[in-house]
Amino acid sequence: MTLAHRLKPAHLRLILKIAETGKLQTAATSLAMSQPAASRMLSEIETLADAELFERHAKGMTPTLAGAAFVRHARVIVQGFDRLDLEVSDLKSGRGGMVRIGSVTGPVAGSLVPAIRQVKTRAPTIEITIEVAPSVSLVRGLVEGNFDFIIARLPPDADSRDFRVYPARDEVVTLVVRQDHPMAGRQNVSLSDLTGYEWVIQERGSPIRRAVDGAFHANRLAMPPHITNSSSLLVALAILEKSDAISPQSREVAQLLTRDGLNARLSMLDIDQDIFVAPFFLIQLEGRKLSRIAEIVLETLLREI
């Protein structure tokens with residue numbers, strides 16, 4: 001059996017204390033040991049190492065060459081143990097760890113980011129990963145173990161018994177345009193007023209697209225003929241900047257884009273009717289236990305939503 005396998009953390013801590021203080025009695029006291037016990041342990045360590053680790057003289061003890069090497073490596077090992085203790089303690093208490101969250105776009109700005117900021121005030125070292133994607137991709141990722149929980153809608157073919165589902169809320173669609181758009185600032189704008197403009201809108205089948213399609217059909221209107229299909233917010237912003245296009249976004253996203261601090265020079269249209277999207281939910285896999293920090297984030301998010 002090698003030396004590394006025979007040594008114990010207590011051995012390493014004693015060697016470090018003797019090197020630090022230069023006196024066996026002082027080292028023993030700081031480690032809550034008697035001097036005879038410390039002396040026996042040092043003798044045991046030197047036997048295991050088959051080398052004298054300290055020179056004894058009238059003024060104290062100084063490391064030999066073998067002792068200096070021992071001290072150098074012991075310091076790294078003990079620091080690793082201390083960091084391990086702290087990390088495990090943080091993980092158990094919810095002050096540390098990693099949380100992986102998937103979300104549809106709407107709740108990110110209005111609910112998810114505020115919840116995470118709250119948790120980080122108490123646990124600043126936690127590592128959060130957020131992936132924004134359509135619900136179908138998020139549910140698949142949850143099943144595959146890529147997320148602790150998701151904010152999404154269950155696809156029609158999903159078996160709800162496989163999931164733990166927490167109610168969240170409906171989304172409201174807001175129409176976003178550049179600030180100097182001809183319709184910006186007008187009140188009670190109707191959908192019929194907007195059919196002649198270019199639209200940049202999520203792909204067919206997406207929740208916002210279905211809601212907008214439904215609103216036009218409910219008003220017996222054909223969908224606008226000039227449409228760019230894209231779920232990318234970056235694409236939408238690039239088109240809005242250079243044109244009179246209209247982009248449907250969730251209310252939370254629209255409010256973020258039109259804040260003065262962001263300086264995106266965008267406005268929300270005042271339309272004469274609400275356009276609702278099917279509600280999203282907080283979803284975790286049934287039977288899969290969350291880490292303590294993931295539980296804390298989930299609990300905080302439920303209060304935000």
Side-chain angles (χ1 to χ4, degrees), residues 87-174 202 206-208 210-211 231 233 248-259 274-305:
E87 185 171 344
V88 170
S89 176
D90 284 348
L91 289 170
K92 290 166 64 177
S93 65
R95 294 192 302 270
M98 177 185 295
V99 186
R100 301 161 301 168
I101 306 167
S103 179
V104 294
T105 304
V108 172
S111 302
L112 181 54
V113 170
I116 289 172
R117 291 177 65 87
Q118 283 187 48
V119 175
K120 274 187 167 287
T121 59
R122 305 192 302 271
T125 63
I126 63 171
E127 183 176 344
I128 303 286
T129 299
I130 302 172
E131 182 174 329
V132 179
S135 291
V136 172
S137 298
L138 295 175
V139 171
R140 183 170 60 249
L142 180 65
V143 172
E144 293 173 352
N146 299 328
F147 304 113
D148 292 297
F149 62 87
I150 60 175
I151 310 172
R153 300 169 180 87
L154 279 177
D157 59 345
D159 189 342
S160 61
R161 293 172 297 181
D162 295 335
F163 306 94
R164 185 173 301 173
V165 180
Y166 303 89
R169 64 165 186 265
D170 294 332
E171 278 189 285
V172 179
V173 176
T174 299
Q202 290 80 354
S206 67
I208 287 182
R210 288 200 300 267
S231 293
L233 183 57
Q249 300 290 336
S250 70
R251 178 172 292 172
E252 288 87 351
V253 171
Q255 289 172 339
L256 175 65
L257 293 175
T258 56
R259 287 176 189 164
D274 289 327
I275 303 175
F276 291 101
V277 186
F280 55 81
F281 302 92
L282 270 71
I283 306 169
Q284 68 179 100
L285 203 61
E286 186 64 61
R288 182 180 293 167
K289 182 173 175 56
L290 296 179
S291 67
R292 180 57 188 138
I293 187 59
E295 288 178 344
I296 290 173
V297 174
L298 178 62
E299 292 162 2
T300 305
L301 183 55
L302 284 169
R303 291 194 295 270
E304 280 291 321
I305 290 178

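No experiment lies behind these values; they were computed from the predicted model shown. All residue numbers refer to positions in the sequence shown, counting from 1.
No side-chain heavy atom of V277 sits less than 4.5 Å from a side-chain heavy atom of V172.
Between Q284 and L298, the shortest heavy-atom contact is OE1-CD2, 3.4 Å. Residues A211 and F276 come closest through the heavy atom pair CB-O, 3.3 Å. Nearest heavy-atom pair across V99 and F149 is CG1-CE2, 4.3 Å. Pairing each heavy atom of S103 with each of L138, the nearest pair is C-CD1, 3.3 Å. Nearest heavy-atom pair across A152 and I283 is O-CD1, 3.8 Å. For the residue pair V139 and P155, the shortest heavy atom distance occurs at CG2-CD, 3.6 Å.
Rounding to the nearest 0.5 Å places CG of N146 at 14.0 Å from CD1 of I101. Between the CD1 atom in I130 and the CZ atom in F147 there is a gap of 11.0 Å [rounded to 0.5 Å]. The distance from atom CD of E286 to atom CG of D162, rounded to the nearest 0.5 Å, is 8.5 Å. One finds the OH atom of Y166 at 7.0 Å from the CG atom of L302 (value rounded to the nearest 0.5 Å). If you take CG on L257 and CG on L233, they are separated by 5.5 Å, rounding to the nearest 0.5 Å. The distance from atom CG of L285 to atom CG of L142, rounded to the nearest 0.5 Å, is 5.0 Å.
With sequence neighbours left out, R251 forms a salt bridge (charged side-chain N to carboxylate O under 4.0 Å, His left out) with no residue at all. Looking at residues two or more places apart in sequence or on another chain, you find no side-chain hydrogen bond (donor to acceptor under 3.5 Å, both in side chains) involving E299. For R303, the salt bridge (charged side-chain N to carboxylate O under 4.0 Å, His left out) criterion is met by no residue, not counting sequence neighbours. Annotation: salt bridge (charged side-chain N to carboxylate O under 4.0 Å, His left out) contacts of D159 (sequence neighbours excluded): R161.
Sorted by first and then second residue, the salt bridge (Lys or Arg N to Asp or Glu O under 4.0 Å) pairs with a member in residues 131-154 read R100-D148, R153-E171; sequence neighbours excluded.
When atom types are taken as modelled, the side chain of R164 and the backbone of R288 share no donor-acceptor pair closer than 3.5 angstrom. A donor-acceptor contact shorter than 3.5 Å links the side chain of T300 to the backbone of I296.
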Q: Quick one: do L154 and F281 satisfy side-chain contact (heavy atoms from CB on, under 4.5 Å)? Show the steps, please.
A: CA-CA 8 Å; L154 279 177; F281 302 92; 5.8 Å; no
Using distance only, find each side-chain donor-acceptor pair of residues 104-120 under 3.5 Å and give its atom names and separation, not counting sequence neighbours.
| residue | atom | partner | partner atom | Å |
| --- | --- | --- | --- | --- |
| S111 | OG | R169 | NH1 | 3.4 |
| S111 | OG | R169 | NH2 | 3.4 |
| Q118 | NE2 | E304 | OE2 | 2.4 |
| K120 | NZ | I126 | O | 2.9 |

